[in-house]
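Contents: one structure, followed by commentary.
These figures come from a predicted structure and were not determined experimentally. Read the numbers this way: they start at 1 and go in the same order the structure lists the ligands and their atoms.
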Amino acid sequence: MFIMDKHKPAWFQNGVLYQIYPRSFYDANGDGVGDLAGITAKLDYLRGSQHSLCVDGIWISPFYPSPMADFGYDVANYCDVDPLFGTLADFDELLAGAHKRGLKVMIDFVPNHSSSQHPWFLESKADKTNPRRDWYIWKDAKDGGSLPNNWQSWFGGPAWRLDETTGQYYLHTFLAEQPDLNWANPEVRATMREQLRFWLDRGVDGVRVDAVWWLSKDPDFRDDPDDNTFTNSRGGPKLYHYLNELVAVVKAYPGRFMVTEGYPIERGTPRPYLPFYRRLNPEITAPFNFEAIHLPWKARAYQKFINQYQAATRANDIPIYVLGNHDKPRLASRIGQPAARTAAMLLLTLPGMPFIYNGDELGMENVVVPPERQQDTVERHGADAPGSRDGERTPMQWSGAPNAGFTTGQPWLPLEDNWKERNVAVEANDPASLLELYRSLIKLRHEQPALRDGDYRPIASGHPDVMAFERRSSHQRLMIFLNFEPEPAECKLSTPIGQLLLSTTGTERQTDIKMLALQPHEGIIIEAQA
Ligand code: NOJ
């Protein structure tokens, strides 16, 4: 259940957010890597002009100074901009340009680990008595010389690295170049709150907080059990306490918002997400909900999970559904181009604050990057996901100009083979394109009160391949039917259908029939007769 709260800013109750991976969005200076000036140059694509997508906000993945071992998720200074991306002045210009257009700006906050080149870590590793020694997690080898415990890095191999200088191991949940900060140390937490305030003072509207599960660990550093639950290395007893300290910072700035990133181990159930509402302040924070990335593309699976999620969340809780990001194979590659249209309608008709990953609105697909051009070298990225994430991070395809108009230099990752057909310029001129469908769906979401703040109620579609639900506000009732499969589907309705607002296949239909025939993969939005 979700009820619009008139006293809260609309952008984080029902706004559409757009994730920008800055390396790959638009390169303004020709070095082959996207930058902040590039984002500023493309703001009209997002909002403020007649042909904009009209999203309500953006989240920009990290642009901090960084050795880029994890492409910016290894932060060497939390309060500056890497020269590759520009300067603080470029950021201010981007923020001002966004705000002028009514576009909110969220940034990435990476509290669990810094870069191994961060001055804090360089001090910490210098010697055992350094005042910053306890800012990171140092342990001796066990008697007999084995690793301090059995914790594994999320990117492959043990999570401990021996530092020759002091003969102790440090913990790195991700790459060895990303040592975990010691959140049990109050000084570390106070400093991280200051880093957060730096950006809130600068005027950012919100933060996406990276890798939250690891902020608290088992205080005794016991081994993880061998059942793949990782119950000691992550989700420790202080997790919500630490997160609440960040929430308190955000709360001091009215109208700001915090999204937490955490992939649950237990899949397909709302259960692991609920404490992020119940134990934090759901007025100003909510978790990303990643299940729609992992569920099999089956109407029954989606209907079941989303019904459960909507039933389990309360009036004030903001659902944040996600279909893709820079860590997961592209949506169109996972489910295919025809289904990507159905998925777009699903995402943009559900309650809450949907996030679109840049390029998914074009139907961009995963690119097979040849070994000699590989950038991301992680062995795995999660409990079960193999290999490099380059394929989903390739440059945005803007036009038929060289390098798809992304750069005048050599793009840092190769482009998709068919970028000449799949790009913003081509799709903007084709009313049947995926981009135009996204634009129509976002427009409808802004225009129709029930899509903005209506209740979610499941409908029995009468067909196993068709997911159906209602969005109902006090004066409006919309029905959404989504055929997940490449076969036509007929649904018997108890009441005649009303006015068709949008079909993903552009199929016209009569308004007073009781048998609804859906085309393969068709999704429709109908305004029910009152
Ligand atoms: C999640 C980020 O999205 C991913 O790209 C990064 O590698 C890890 N957290 C570690 O910061």
Side-chain angles (χ1 to χ4, degrees), residues 17-25 34 58-76 78 82 85 106-118 121 136 151-157 159 171-181 183 192 195 207-215 217 230 233-235 239 243 258-265 276 287-290 293-294 320 322-330 355-360 366 374-394 412-413:
L17 272 282
Y18 184 90
Q19 181 194 351
I20 293 181
Y21 194 66
R23 293 183 77 85
S24 292
F25 196 60
I58 54 178
W59 149 41
I60 312 172
S61 287
F63 46 78
Y64 306 106
S66 165
M68 304 288 168
D70 191 16
F71 305 97
Y73 285 95
D74 46 327
V75 179
Y78 285 93
D82 194 282
F85 294 121
M106 300 184 79
I107 62 161
D108 221 306
F109 185 59
V110 189
N112 178 68
H113 42 269
S114 74
S115 160
S116 53
Q117 296 306 309
H118 196 296
F121 188 70
Y136 293 84
W151 294 359
Q152 292 293 303
S153 154
W154 223 240
F155 287 163
L171 182 71
H172 62 91
T173 296
F174 296 92
L175 295 173
E177 293 88 343
Q178 294 166 293
D180 283 38
L181 282 153
W183 271 68
M192 292 312 282
Q195 319 292 299
V207 284
R208 172 264 192 199
V209 185
D210 186 71
V212 294
W213 284 113
W214 288 275
L215 291 180
K217 288 129 174 137
F230 309 99
S233 56
R234 47 180 260 158
L239 174 59
L243 284 173
M258 174 172 137
V259 179
T260 51
E261 188 235 19
Y263 289 87
I265 300 296
F276 291 90
F288 274 134
N289 171 347
F290 292 119
I293 294 182
H294 295 128
I320 304 190
V322 181
L323 293 172
N325 60 38
H326 62 294
D327 294 327
K328 299 289 168 182
R330 284 272 183 193
F355 274 65
I356 300 168
Y357 177 46
N358 61 196
D360 277 356
N366 260 59
Q374 197 186 342
Q375 301 276 340
D376 182 44
T377 55
V378 299
E379 287 164 35
R380 57 174 202 152
H381 44 100
D384 54 10
S388 167
R389 296 161 294 182
D390 288 342
E392 56 263 28
R393 296 176 174 180
T394 61
W412 75 288
L413 278 175

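- Using cut-offs of 30° and 60° for the angle between ring planes, the F25 and Y18 rings count as perpendicular.
- Between the side chains of Q375 and S388, no donor-acceptor pair is found at a separation under 3.5 Å.
- Proximity of R393 to ligand 1, defined as any heavy-atom pair under 4.0 Å, is confined to the side chain (atoms from C-beta onward).
- Below 4.0 Å from some heavy atom of H113 lie the following atoms of ligand 1, by number and element: 10 (C), 11 (O).
- In terms of the side chain to side chain contact (heavy atoms under 4.5 Å, CB included) criterion, residue partners of S233 (sequence neighbours excluded) are, by chain and number, W151, D224, F230.
- The aromatic rings of Y78 and H118 sit tilted relative to each other, their planes meeting at an angle between 30° and 60°.
- For ligand 1, the atoms closer than 4.0 angstrom to any heavy atom of E261 are 1 (C), 3 (O).
- No donor-acceptor contact under 3.5 angstrom links the side chains of S66 and D82, judged on distance only.
- Contact annotation for F155 and ligand 1: only side-chain heavy atoms (C-beta onward) come within less than 4.0 Å of the ligand.
- With a 4.0 Å cut-off on non-hydrogen atoms, R208 touches ligand 1 through its side chain and not its backbone.
- In this structure, H381 falls outside the shell of residues with a heavy atom less than 4.0 angstrom from ligand 1.
- Residues satisfying the side chain to side chain contact (heavy atoms under 4.5 Å, CB included) test with Q152, not counting sequence neighbours, are R380.
- Close approach of ligand 1 to D210 (heavy-atom distance below 4.0 Å) involves ligand atoms 1 (C), 2 (C), 3 (O), 8 (C), 9 (N), 10 (C), 11 (O).
- Ligand 1 places these atoms under 4.0 Å from at least one heavy atom of R389: 4 (C), 5 (O), 6 (C), 7 (O).
- D70 OD2, 3.3 Å is the protein heavy atom nearest to atom 6 (C) of ligand 1.
- Contact atoms of ligand 1 toward D327: 1 (C), 2 (C), 3 (O), 4 (C), 5 (O) (distance under 4.0 Å to a heavy atom of the residue).
- Under the 30°/60° scheme for interplanar angles, the aromatic rings of H326 and Y357 are found to be tilted.
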